[in-house]
Every structure is written in structure tokens, then in C-alpha cells.
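This report concerns only the one structure given below.
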Amino acid sequence: MHPNETAINAYVEESLDPVERREVEQHLASCASCRQLADDLREVLRAATTLGLREPPVRAWSRLERAIKLEREHAAPQDAPGAPHAAWTGRVRWAPWLAAAAALALATAIGLRFMPTTGPDPAASNQPGAGATIAAGEAAQSVETELRQAEAHYEKAIKGLEQIASSEQNALDPATAATLQKNLAVIDQAISESRAAVRSQPTSDPAQQSLIENFKMKMGLLQDTVALINEMRKGNEAGAARIASGLKQKGD
Amino acid sequence: MTAPKQRAPIPFPSKEPETTDLVRRCQSGDTDAFETLYRQHAARIYTLACHMAGSPEDGEDLLQEIFLQVYRKLGSFKGDAAIGTWLYRLALNHCLDYVRSRQAKMHKLTDTLDAEASFEPTARRETPIARLDLERAVERLPEGCREAFVLHDVEGFDHKEVGELLGIAEGTSKSQVFKARMKLRALLGRRA
């Protein structure tokens, strides 16, 4: 008789007592399918230990820096005595538009945190009777409403970032500006295609996801651009080069 | 053949003089010092956030929120623990809050093993699992078993600790990790 899979898993984890372990070992010696399961579980465990560190996108620090500066500007000095934001001394003057853009981008990112990543709750659509139809309809409507709100948030954030990027574009060297334009054109095309897909199939999860992903991609690119402009204004050549390199790689 | 040993959480730079000095500079409002602190720990925190959230996009948002919290709370850091330990704990708590609120929002219960049928069948592969394939497969794990798998098999916590962190019984942690491994086995084409 085969041991259950949980026992084989415990065997792989080496958490069986000696008697149970011996029993499983004896079985594995003569059962190819259980041996295969043990080998596979062991391989998954081994592979899990190889998952390396992921480097965050280059824009992440710039986004954070902007959000922190914004927070410091809005914090009353008496809010938190001794806390870093009361004591931080800014070395760069930050234009109000940058703070506004940071707030908008951050608010959008956080606001969209709870955007559903799947379609309507399948449990609702599986309910029998007329109630189920209504529930499914309401769920679909709710998803559509959330999608419209998300779209509006993204468009607003993108518009703000676009204004910044275009008004400051002279700060960029021609090659970087051209790469940026090329990348934006590709993403805009993808946005219009996914938007058309959503319009024709409003409840399609892949279409919704695709539209949101394309919005996120455009915001990411614009945030990188603003971060690049910032680094150049600060005279941080290393930081600017790092971001510019990321922008070019996206265009390759 | 013996099973791979559990990996202890990757140690952070601890109470070395330069680390203590860095924290002190951060607390006194030195933005360059805070950037250094960020660059020392961002990859570790981002990796955790991506795994727990299940996507790099959400991982990036979490990273930002976590370091904003670090910024806000660093003044209260007394140095009782290493800064890396303190930071990791803060990041982990933030990730867990995120996971819990998303689960509550989406009413998405952990799948059972029966849901494996929803994964597309893949031809059996015998080659070692590539890191990138595993990264993608982990992102596709259902909520519940993904967090338990990440904390146990990737981050190196034992089942008791995973249970405490996730607010579940130790036995539930074991079964969730087992479910995750079985799903990964299917997703990675290792099931006959």
C-alpha cells in the first residue's frame, strides 16, 4: 500500500520519526511513482533555496525620495519630536509640481492596491436561481466601475507626469528623449489596443489586466523620466546614468 | 539522498560600528545616509515583497510603503536589535498586513488541491527547475499557500514560526506548504 502524499512530504522534510521513515524508505525502494514524487518535492525544495535577490527598479528610490520630501513638507514640526521627518534637512529645493506628481503617483499606486485581479467572484456566479444572476451582474458591474475609476486615476496621474516630462524634456539629451518618445508610442499603442478589447468585452479579465498593466508601464516610464530629470538637476551623473540606462534597455 | 536543509534567513549587516553610525546619521536627518540604508536593504525587502504579494508591481508599491514606514519610525529605533532585523520585521509585518487586507477584500479563500485541475497540463520535465521558472510559478500560487511556502521554503522560518506569523496553526502551515509544493510540481511540469 502507498503511504499518503503527506507522509512522503514529511519524509522529504525529514520530520518523520525513525520507524515511519524506515517504512517510507522501504516503500520508495520498490515504488517508482512514490519515488518520483519524493524526488520532485525534493527538487522544489532545492530550487526554493536558489531564489536569489531581486533588484528593485531604478525608479524606486526616486519615487521614495519624492514621497519622503513631500511628507516632510507637509509634516508640522511638532508632529513627531525626534522623528526623522522633523529633523531631515533637505539639500535640494523641490519644485511644487514634483511634489504634486509624487503625491498623485503614490496615491494612484496605493488606491489601485485593491483593484481586483480576477473577475467576478466565482462563488457568486455559481449560486443557483435568479439571485445568482443578479449577484453575478452586480459583481461584473462593480468590477467595471472599479476599472473605470482605476482608468481615471491612471489617466490623471499620467497626464500630470506627461506635463512634467514634456515641459522639462529639454533637460534630456536627444538620444534619451528619442528613446523615451519611441517607448511612449509603443505603450500608447498597447493602451489603445487593450482599451478597445475592454470596450468590446467589458468583463474580460485578461483585457482588464492588460489595460491596467499598460497604464502601469506608462506610469513607470514617465516616473523614470521624471527621476532622470531630477538626477540631472541635482547634478548626480551616476544616478542619471543608471536611470538612462534603464530607459534605453526598455527600448531595446 | 537527503533533503536540502532549511535555510536560515539571510543575515543583515548587524551592529557593526559603521551600521550604528549610519542609523544615527539617518535619525539625525541625513538624506544620503537614508539612501545608503535603502540601498543596503532594498533588494532583500523587495524580494520578500514580490514573493509575498505575488507580483513585481505590487512588490514595488510595498517596497515604497515599507521604506516610508521606516522613515517615519526610524526615530523610535533604539538599537535593541540589529537594524536589519528591525527592518525585516517591519517589512514582514507590512507584507502580512497587505496579504490579510487583500484576502479580506477579495474574499479569496485558499484553494484546495482539487483546484490543481485548473492548471494547464504540462509535459513532464526531468531537468532541474530553473530559478526564473520557479519565480513565475510562485507568483501563480494561490494566496494562503504562497505566503506559507515563501516564509517556510524560501525565507527559512519553521512551521511554528510560520503559523505565528500568519496566524494559523502549525499543522495548517505544514499542509499549506505541502499544497504549494504540489502545485509547483504541477506548474513546473514535474507531475507525470
Side-chain angles (χ1 to χ4, degrees), chain A residues 5-6 9-15 33 36-57 59-61 63-65 67-69 71-72 80-92 106 109-110 112-114 116-118 121 123 213 216 220, chain B residues 1-4 7 10 26-31 34-35 38-39 42-44 46-47 50-51 55-61 63-65 67-68 71-76 98 101-102 105-108 128-131 134-135 138 149 153-154 174-175 177-178 181-182 184-185 188 190-192:
Chain A
E5 292 177 333
T6 316
N9 184 57
Y11 167 76
V12 169
E13 278 192 352
E14 298 185 338
S15 60
S33 66
Q36 188 68 69
L37 173 61
D39 287 347
D40 288 348
L41 290 172
R42 215 175 262 126
E43 173 59 11
V44 169
L45 257 169
R46 182 205 62 77
T49 64
T50 68
L51 289 178
L53 292 181
R54 291 185 181 191
E55 283 299 325
R59 66 172 172 270
W61 166 249
R63 277 182 67 195
L64 176 64
E65 192 180 28
I68 286 172
K69 297 231 178 232
E71 179 155 317
R72 196 185 59 220
H85 63 279
W88 278 46
T89 50
R91 294 177 187 173
V92 182
L106 183 61
I110 292 168
L112 288 169
R113 167 58 50 76
F114 299 110
T117 55
T118 57
D121 182 359
E213 286 310 310
K216 282 185 177 179
Chain B
M1 198 191 298
T2 57
R7 185 175 55 177
I10 299 167
C26 287
Q27 289 175 325
S28 68
D30 183 335
T31 49
F34 192 75
E35 182 174 355
Y38 167 85
R39 296 207 183 280
R44 177 85 174 95
Y46 178 63
T47 305
C50 288
H51 288 154
S55 83
E57 292 80 15
D58 287 342
E60 188 183 339
D61 288 344
L63 176 72
Q64 171 130 9
E65 291 164 19
F67 271 94
L68 265 176
Y71 164 76
R72 289 171 188 145
K73 294 184 174 176
L74 201 55
S76 65
Y98 164 72
S101 61
R102 185 165 68 177
K105 171 79 180 172
M106 297 175 71
H107 305 289
K108 192 172 173 182
I129 297 168
R131 190 181 61 79
L134 184 62
E135 291 275 10
V138 169
F149 173 81
D153 283 7
V154 181
K174 287 180 184 173
S175 65
V177 172
F178 173 56
R181 290 176 189 159
M182 293 297 276
L184 289 170
R185 183 187 186 219
L188 294 163
R190 302 193 77 84
R191 191 171 53 178

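Numbers restart at 1 for each chain; the letters A, B, ... are given by sequence-line order, proteins then strands.
Annotation: the span from A:W61 atom CH2 to B:R39 atom CZ amounts to 7.0 Å, rounded to 0.5 Å. Annotation: the span from B:C50 atom SG to A:L53 atom CG amounts to 11.0 Å, rounded to 0.5 Å. Atom CG in A:D40 sits 11.5 Å away from atom CG in B:L184 (nearest 0.5 Å).
Residues A:E5 and B:R181 fail the side-chain proximity criterion, which asks for heavy atoms closer than 4.5 Å. Here the side chains of B:M182 and A:L41 are in contact, with some heavy-atom distance below 4.5 Å. The side-chain heavy atoms of B:T31 and A:E65, taken from C-beta on, include no pair separated by under 4.5 Å. Residues B:H51 and A:L51 form a side-chain contact, since some pair of their non-hydrogen atoms from C-beta on lies under 4.5 Å apart. Using a 4.5 Å heavy-atom threshold, the side chains of B:Y71 and A:L64 count as separate.
Taking A:E55 as the reference, B:A43 meet the side-chain contact (heavy atoms from CB on, under 4.5 Å) condition, with sequence neighbours excluded.
Minimum interatomic distance between A:A48 and B:D153 (heavy atoms only, all atoms of both residues): CB-O, 3.7 Å. Pairing each heavy atom of B:F149 with each of A:V44, the nearest pair is CE1-CG1, 4.1 Å.
A:E13 has no carboxylate O lying under 4.0 Å from a charged side-chain N of B:K174, or vice versa, which leaves the two without a salt bridge.
For B:Y38, the part lying near chain A is the side chain, with the backbone staying farther off; criterion is any non-hydrogen pair under 4.5 Å.
When atom types are taken as modelled, the side chain of B:Q64 and the backbone of A:R63 share a donor-acceptor pair closer than 3.5 angstrom.
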